[in-house]
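Below, chain A is the first sequence line, B the second, and so on; all start at residue 1. Side chains included, hydrogens not; waters and symmetry mates left out as well; all remaining heavy atoms used.
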There are 2 protein chains.
Amino acid sequence: MDDLDRKILDILRRDARTPYTEIASTLDVSEGTVRNRVDRLRDDGVIERFTVATRTGNVKAMIEVSVAMDVDTHSVGDRMTDWDEVDFVWQVSGELDIVLVVDAADTTRVNELITKAREQEEVVETKTRLILDEKLG
Amino acid sequence: MDDLDRKILDILRRDARTPYTEIASTLDVSEGTVRNRVDRLRDDGVIERFTVATRTGNVKAMIEVSVAMDVDTHSVGDRMTDWDEVDFVWQVSGELDIVLVVDAADTTRVNELITKAREQEEVVETKTRLILDEKLG
DNA sequence: TATGAAAGACTAACTAA
DNA sequence: TTAGTTAGTCTTTCATA
């Protein structure tokens, strides 16, 4: 991970469809260099995947979920990855155990997701926070 | 947004480099249809951007930040987007105002980021939670 | 790093609902 | 009029030297 790698990643983060040729001329290296670097970054797991950032609904939110002491948070979390409108499921340290990042049509749908979370027998508490604005680092 | 759109998005979310021809044959439509749909989804803002999910460090964390009553959270948040290792800056509702999603080399670096956040004069409180595991929805 | 070959994406004209 | 298809062309990526 040197400076060139970081610059390539910056460009890809903003637009992963930028052609290697364009990245190359921007950074003043050859197309092959960019391609080799990207391949290596992928092999090394620095690039986890090429993906799309979407906004299918009008409301993004974090639903924080706390599960009972004696249950495996992973199995609860795994189940939630299958729910519609759930973009990410994070296992986190701290007060609550799981954070769902969701992208829903409206607040009613968010509410339905909260209800669904609360209906899981392992879930003892939820806290929800709307994501009012998102900016790229 | 019909079922075909959703299926295309699912595929792209998992691998945005899947060729249109491959998506097309998986979903039993023509390559042109996939391309037209993707273009439209992009124009409509459903696809915000093509990007890479990265893990440059070994520790991901949420740093929650609370700012003083009388300041504009946006200006504080905007400043933080420029910091290294910050992937996202969210303005959120609820107890704290801003969530930084960071990807740092180690916990020492996370700690340095927390310190940096606390050094901002508008910041009155921080809470940090490590992201122990991340799964795609 | 440079080049030719292969793969993929794009243009535009056409068809069907 | 809108969505889908197809054929031909152009661009990007890939493999090799």
Checklist entry - In Å and rounded to the nearest 0.5 Å, what is the CD1 to OG1 distance from I23(A) to T18(A)? => result 5.0 Å
Item to check | L132(B) side, atom CG; D97(A) side, atom CG - distance, nearest 0.5 Å | outcome: 9.5 Å
Checklist entry - How about N58(A) and D106(A): do any of their side-chain heavy atoms sit closer than 4.5 Å? => result no
Next on the checklist: Please give me every residue in residues 10-27 of chain A whose heavy atoms get under 4.0 Å of an atom in DNA chain C, ordered by residue number.
Outcome noted: none
Checklist outcome for this item: Value for CG (N111(A)) from OG1 (T128(A)), rounded to nearest 0.5 Å, stands at 8.0 Å
Checklist entry - Can you find a heavy atom in the side chain of L12(B) that is under 4.5 Å from one in the side chain of V38(B)? => result yes
Checklist entry - In residues 30-55 of chain A, which residues come under 4.0 Å of DNA chain C by heavy atom? => result S30(A), T33(A)
Next on the checklist: Within the structure provided, determine whether E85(B) and D103(B) are in side-chain contact (heavy-atom separation under 4.5 Å).
Outcome noted: no
Checklist entry - Taking atom CG of L96(A) and atom CZ of R129(B), what is their separation to the nearest 0.5 Å? => result 5.5 Å
